[in-house]
Structures are given as C-alpha cells and as structure tokens.
Amino acid sequence: MKISIQTGDIVDRAGVEEGYALIKETGFDAIDWNIDHAWKGSEIRKGNLGNCVFDMPLEGVIDYYAKELEIINKNGLEITQAHAPFPSYSKDHPEVLDYAIGVYKRTIEFCQYAKIKNLVIHGISYSLNDDINTKETIDKLNFKLYSSLVPVLKDTDVTVCLENLFSGNNGVCYQGHCSDPYAGAKEIDELNALAGKECFGLCLDTGHANLLHHDLRTFIAVYGKRIKALHIHDNNGSGDEHEAPLTGTINWNHFCSALKEAGYEGDLSFETFAQTNEVMNFDMAMLKPWMILINETGKVFRSKIQG
C-alpha cells in the first residue's frame, strides 16, 4: 500500500525538477498525476474544443510527456493513478461529450504505455440549473461515456475509476454522480459485465462524501472491493476545501476501519492541493514540513488499515 500525493500545484509552482524531488524527499512512494491540466475546464464548458495534448496520436503524447516521465522515474516515484481532464459534458454544447470520449480513449492508451493502473474520469452529474436534462437522460449520457471506453480498456490493464461527485446550487450541495453508493455500485457492476472483465472501479473522494454527510462506514461497505483508488482530503462539511486530514470534520477512524473491513488493497493518495497551496502562499519554506506531515498521516492510516 503506497502513499501517494496529487502532483497538482506542487509541481506547477515548485517546478518539475524541484517538485518531484520534493515529493520523493518528503517520503512519498507514488503520485496521482494531474494530467487533467491538459485542458482548461472553463474553455471546454464554452464548447472551445481542441488544443489538448491528447488530441495527438499516441506517439505525440508520449513525446510530449517524455521529459516529465524521465524525471518522475529518476526520483523513483510510481504513478499509481492519474486524473483525466474534465468536465466531459456541457449542456449548451453537446458535442463536448464525443470530444471528451476521444480524449479519454487516447488517455487510456497513454496510461497503458506509462504503466498507470488507475485513471480517474469524472462522470456527469445532474444539476438543478440544467433545464435540458433529467436524471434519466444524465444516466444515459454517463452510460454512453463509460461504455464507449470499453473497447479500448479491454486491450489494456488500466482501470477507469468513477468518482463520487457532488453538485451545488446557491451554496447548497446535493448528490452528484456515484454519490449514491447503491446506484454507483450497480453502475460499476453493469459496466464490468459489459466489458467482460474488471475495467471499472471507484475512486473514493472523502471530501465529497463529507460534503453530503455520508457515514463513511456505510458508504465504503456498500462499494466494498469496487474501491480501487482514493482522493483523501478533509473539509468542514460545507465546502470542497481539500485540506489535510484532521483539519476538518471527517471521522478518520471510521474511514480507516471501514477500509480495513472492506479489504481495501489499493494505495493511499492525498488530494490536499488546497492545503499545500495555502502554505506556499504564506511561505514556500512551509511546503516541505506540511508534506512530511501529510505523508506521516498516510503511514498512520496504513497501519490502521493493514493492522
């Protein structure tokens, strides 16, 4: 069970060479690679497609990331999971979905090349602001999104991880894609049955679950072995704050005991980019001790889950 951190703003702000060296120096074994930075979500929502690295043939994508992969490997870091670009849908620009599916197919091929076992791809959540779709039509769009990836996934060792999401309206959070564990588990099972192999799983986002006031013991128990990856972060239950564990209101004893009971065998990946951004905004000298603290937290979590 490796301890991982999302590369995000650490590498963006510290620099590629310095950022990956710091991740290694502070004790992390692995990374959750933010290749979602390959496009700007704000532009995709406007229907401005193209200019994404994953538009290129696979050889071009490999060339584009070759230097960064070299630095990652030089630091002895394993890429246990990556985050695909998002969003995959815009109600005002339905062409976005077909474009995103093409991007995700190439991303899966690249993950296979780079030996990345888990790829997180956000689904489409129903929104109260959507005057076009119902929950039923959103379900159909999600089925189209993920089932379209099956032919590529069947020829790889990559697992696409759906994520428990939330939606919001006027400051109020409500359920998003896969936030109902019973419906999410059913969707994952149906997709795997369609593929004829285990190509899909869940990336459990602890912060999103807390925003919707889920009992993590029940939530994790329902998903069980379908949980293949994690986004570990904390919040106060009212905002998606992406803070370090034990700074918010999540019951981390419940988290660890539930994962132990479920027989979780994946890695512990921290999505604490807001926390590390806060300390970098204050003083870059604070980044290293905070990263060490996050890593040490991961070690304690691991001992509780495996003990």
Side-chain angles (χ1 to χ4, degrees), residues 1-8 28 30-37 41 78-88 100 104 107-108 111 114 116-125 142 145-146 149 153 156-167 175-192 195 198-212 214 216 219-235 240 242 245 250 255-256 258-259 262-274 298 301-302 305:
M1 186 176 287
K2 296 182 182 298
I3 301 173
S4 167
I5 194 166
Q6 203 169 56
T7 58
F28 291 94
I31 58 170
D32 179 355
W33 199 10
N34 277 116
I35 52 178
D36 54 301
H37 291 184
E78 183 178 343
I79 311 170
T80 53
Q81 61 192 69
H83 205 311
F86 63 92
S88 56
Y104 295 153
T107 309
I108 291 166
C111 286
I116 302 169
K117 59 185 178 181
N118 293 314
L119 176 65
V120 180
I121 298 181
H122 280 191
I124 305 161
S125 292
N142 276 310
L145 166 61
Y146 292 112
L149 306 178
L153 284 168
T156 74
D157 300 315
V158 178
T159 299
V160 163
C161 295
L162 290 62
E163 183 174 342
N164 56 302
L165 304 177
F166 69 95
S167 291
Q175 290 201 39
H177 186 241
C178 285
S179 61
D180 177 339
Y182 297 97
K186 182 174 181 287
E187 182 178 358
I188 290 169
D189 289 347
E190 288 175 348
L191 288 166
N192 283 330
E198 194 174 67
C199 295
F200 297 91
L202 181 81
C203 174
L204 168 64
D205 189 297
T206 60
H208 296 172
N210 197 50
L211 279 176
L212 297 171
H214 285 295
L216 280 175
F219 197 83
I220 291 171
V222 173
Y223 272 114
K225 289 286 191 178
R226 300 175 188 86
I227 301 173
K228 303 300 181 185
L230 301 170
H231 280 165
I232 304 171
H233 56 103
D234 213 339
N235 60 50
D240 192 24
H242 288 269
I250 291 177
F255 167 76
C256 292
L259 285 180
Y264 178 69
E265 298 176 343
D267 300 303
L268 299 175
S269 187
F270 290 85
E271 196 182 36
T272 48
F273 57 83
F301 284 1
R302 181 168 61 191
I305 294 166

Participant: For the side chain of Ser179 and the backbone of Phe166, is there at least one donor-acceptor N/O pair under 3.5 Å apart?
Facilitator: no
Participant: So how far is it from Ile108 CD1 to Leu149 CG, rounded to the nearest 0.5 Å?
Facilitator: 4.5 Å
Participant: Which pair of heavy atoms, one from Leu216 and one from Ile250, lies closest together, and at what distance?
Facilitator: CD1-CG2, 3.8 Å
Participant: Show the nearest heavy-atom pair for residues Asn118 and Ala229, with the distance to one decimal.
Facilitator: ND2-CB, 4.2 Å
Participant: Any non-hydrogen side-chain atom of Glu271 less than 4.5 Å from a side-chain atom of Val120?
Facilitator: no
Participant: Test side-chain contact (heavy atoms from CB on, under 4.5 Å) on Leu145 and His177; report intermediate values, then the result.
Facilitator: CA-CA 13 Å; Leu145 166 61; His177 186 241; over 6 Å; no
Participant: Can you check side-chain contact (heavy atoms from CB on, under 4.5 Å) on Leu162 and Asn142, steps first, answer last?
Facilitator: CA-CA 10 Å; Leu162 290 62; Asn142 276 310; over 6 Å; no
Participant: Considering all heavy atoms of both residues, which atom of Cys203 and which atom of Leu230 are nearest to each other, and what is their separation?
Facilitator: SG-C, 3.8 Å
Participant: Going through the distances and angles, do His242 and His231 end up as a ring pair (Phe, Tyr, Trp, His ring centres under 6.0 Å)?
Facilitator: CA-CA 9 Å; His242 288 269; His231 280 165; 7.9 Å; no
Participant: Does the side chain of Asp234 reach to within under 4.5 Å of the side chain of Thr206, using non-hydrogen atoms?
Facilitator: no
Participant: Would you say Asn235's side chain and Gly207's backbone share a donor-acceptor pair under 3.5 angstrom?
Facilitator: yes
Participant: CD1/Ile232 to CZ/Phe255 distance, rounded to the nearest 0.5 angstrom?
Facilitator: 4.0 Å
Participant: What class does the angle between the rings of Phe301 and Phe270 fall in, given that below 30° is parallel, 30 to 60° is tilted and above 60° is perpendicular?
Facilitator: parallel
Participant: Determine whether a donor-acceptor pair (N or O, by modelled atom type, separation under 3.5 Å) exists between the side chain of Arg302 and the backbone of Met1.
Facilitator: yes
Participant: Just how far is it from atom OG1 of Thr159 to atom CG of Leu202, taken to the nearest 0.5 Å?
Facilitator: 12.0 Å
Participant: Working to the nearest 0.5 Å, report the span between CD1 of Ile220 and CZ of Arg226.
Facilitator: 13.5 Å
Participant: Under 3.5 Å, is there a donor-acceptor pair between the side chain of Lys225 and the main chain of Gly263?
Facilitator: yes
Participant: If you compare all heavy atoms of Cys178 against all heavy atoms of Gly184, which two are closest, and at what distance to 0.1 Å?
Facilitator: SG-CA, 4.1 Å
Participant: Within this structure, what is the CD-CG distance for the pair Gln175 and Leu165, rounded to the nearest 0.5 Å?
Facilitator: 11.5 Å
Participant: Of the non-hydrogen atoms in Glu187 and Tyr146, which two are nearest, and what is the gap between them?
Facilitator: OE2-CD1, 3.9 Å
Participant: Is a side-chain donor-acceptor pair under 3.5 Å present for His214 with His208?
Facilitator: no
Participant: Ignoring hydrogens and geometry, is there a side-chain-to-backbone donor-acceptor pair from Asp32 to Gln6 under 3.5 Å?
Facilitator: no
Participant: Ring centroids only, cut at 6.0 angstrom: are His37 and His83 within range, meaning strictly under it?
Facilitator: no
Participant: Sub-3.5 Å donor-acceptor pair from the side chain of Asn34 to the main-chain atoms of Asp36, do we have one?
Facilitator: no
Participant: What is the distance from atom CG of Asn210 to atom NE2 of His233, rounded to the nearest 0.5 Å?
Facilitator: 9.5 Å
Participant: Between Thr107 and Ile121, is any pair of side-chain heavy atoms under 4.5 Å apart?
Facilitator: no
Participant: Is the shortest heavy-atom distance from the side chain of Cys199 to the side chain of Val160 under 4.5 Å?
Facilitator: no
Participant: Can you name the closest pair of heavy atoms from Ser4 and Ser269 and give their distance?
Facilitator: OG-OG, 3.2 Å
Participant: With a 3.5 Å distance limit and no angle check, can you tell me whether Asn164 reaches the backbone of Asp205 through a side-chain donor-acceptor pair?
Facilitator: yes
Participant: Determine, step by step, whether Lys117 and Asp157 satisfy the side-chain contact (heavy atoms from CB on, under 4.5 Å) criterion, reporting the C-alpha distance in whole Å, the side-chain angles of both residues, the deciding distance to 0.1 Å, and the verdict.
Facilitator: CA-CA 7 Å; Lys117 59 185 178 181; Asp157 300 315; over 6 Å; no
Participant: Short question: side chain of Asn192, backbone of Phe200 - any donor-acceptor pair under 3.5 Å?
Facilitator: yes
Participant: Between Pro245 and Thr272, is any pair of side-chain heavy atoms under 4.5 Å apart?
Facilitator: yes
